[in-house]
Every structure is written in structure tokens, then in C-alpha cells.
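First up is the structure itself, then whatever we jot down about it.
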Amino acid sequence: MSKINFLSIILITSLLSACGFHTPYKNTPLNASVSANDNNTFATELKKRFNLEAMQSLSIQIGDETQKKQTASYKTTGSANSYTISLSVPVKVFNLDKKLLLSQDLTASTHLSKMSASQADRLQINEAYTQLRNTIIKKLLRRLNRLNEN
């Protein structure tokens, strides 16, 4: 009888794990103090994502973001057919005891094709940098949630 119970428990556990079921994890609201330059767009966007009513448990230092654009030109006229743009932001995360938890340059990149040097293309590049910034913020928030669980 115990072998049947054991096998049924293994079967139920494997079925539940196959469908994505997991035990709930600690889900505390996230708030952190962010220090950066006054005109740092990344820090401004990051501050909007925190729960201001929650207790601050982390301290984040944001460096200046680095934007890189590589142009690929295939025509003889010199117009660019595509751009590869990347965004890098140095981030340091500390807990309340000033212990360093994370020190890393977070990066994201994308490829934009069929472009020329017109005003609309510059707006498209600016929008792409905004999307890259949001991608990096999502990555950072996932890491901060994991650090906040501990």
C-alpha cells in the first residue's frame, strides 16, 4: 500500500511541476533609494516603478548611461541602411547595512534596418533607446525583487 501512495505522490508532483505550478514566494513591495545625476533619464524612469508606500530596503547607485550606435552603409551614396544601437547603464545595489549586493553594467541592444539620416529616423532611434531603457529597467527590477526576497 505504501508503494502505491509513494508512486501517486511522485505522479502528482511531476504533473504539477510540468504545468508550471510552484510554491508561492515572498512577494513584498519593492522600494529603494536611488542616487544618480539630476538629469539621468534611467534613474527617473526607475523611480516611477517603485512602491513609494513600502519601506526602503535597498540603495541603488546609477551611473551615466552610455549610448552606442554603429552604422552599416551598403550603398555608394553614403546613406546608412541600418543601425545597431546599444545602451549600457552601470548599477550598484546595496542593502541597508551598506553591503554591496550587485555591481554590474546592464546592457541591451537592438538592430534597426532600412534607415537614412532624416528627422523621422532620428525619432525612431530615440524611441529605440527608450525601449532599450525599459528593457534594462525590467531586468533590474527582476533582480531587485530576488534580492528583496532574501
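A salt bridge does not link Arg133 with Glu45: none of the charged nitrogens is closer than 4.0 Å to a carboxylate oxygen.
Phe42 and Glu65 make their closest contact through CB-OE1, 3.5 Å (heavy atoms, listed as atom of the first residue, atom of the second, distance). In plain terms, the two heavy atoms of Gly63 and Asn40 that are nearest each other are O-ND2, 3.0 Å. Taking every heavy atom of both residues into account, Ala54 and Asn31 meet most closely at O-ND2, 3.0 Å. The minimum heavy-atom distance between Gln56 and Leu96, with the atom names listed, is O-CD2, 3.6 Å.
Asn95 places a side-chain N or O within donor-acceptor distance of the main-chain N or O of Lys98, the cut-off being under 3.5 Å. With Asn51 contributing its side chain and Glu53 its backbone, the two residues share a donor-acceptor pair below 3.5 Å.
You'll find the side chain of Asp64 reaches within 4.5 Å of the side chain of Asn37, heavy atoms only.
Atoms CD1 and CG, on Ile60 and Leu101 in that order, are 10.0 Å from each other to the nearest 0.5 Å. In this structure, the separation between CG on Leu141 and CZ on Arg146 is 13.5 Å, given to the nearest 0.5 Å. Here the NZ atom belonging to Lys139 is positioned 7.5 Å from the CZ atom belonging to Arg143, to the nearest 0.5 angstrom. With rounding to the nearest 0.5 angstrom, the CG atom of Leu58 is 11.5 Å from the CZ atom of Phe94. Within the model, atoms CG of Leu106 and CG of Leu140 stand 5.5 Å from one another, a figure rounded to the nearest 0.5 Å. In this structure, CD1 in Ile62 is found 7.5 Å from OG in Ser35, a value given to the nearest 0.5 Å.
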### Query
Would Lys92 and Leu100 count as a side chain to side chain contact (heavy atoms under 4.5 Å, CB included) if you check the C-alpha gap in whole Å, the side-chain angles of each, and the deciding distance to 0.1 Å?
CA-CA 7 Å; Lys92 290 185 180 180; Leu100 182 65; 4.3 Å; yes

### Task
List the steps and the verdict of side chain to side chain contact (heavy atoms under 4.5 Å, CB included) for Ile137 and Arg49.
CA-CA 9 Å; Ile137 288 174; Arg49 310 285 176 101; 3.7 Å; yes

### Message
Evaluate Thr66 against Leu87 for side chain to side chain contact (heavy atoms under 4.5 Å, CB included), listing each step before the verdict.
### Response
CA-CA 6 Å; Thr66 305; Leu87 184 68; over 6 Å; no

### Task
For side chain to side chain contact (heavy atoms under 4.5 Å, CB included), just list the numbers for Phe50 and Leu144, CA-CA rounded to whole Å, side-chain angles, deciding distance to a tenth of an Å, and then say yes or no.
CA-CA 11 Å; Phe50 291 133; Leu144 291 177; 4.1 Å; yes

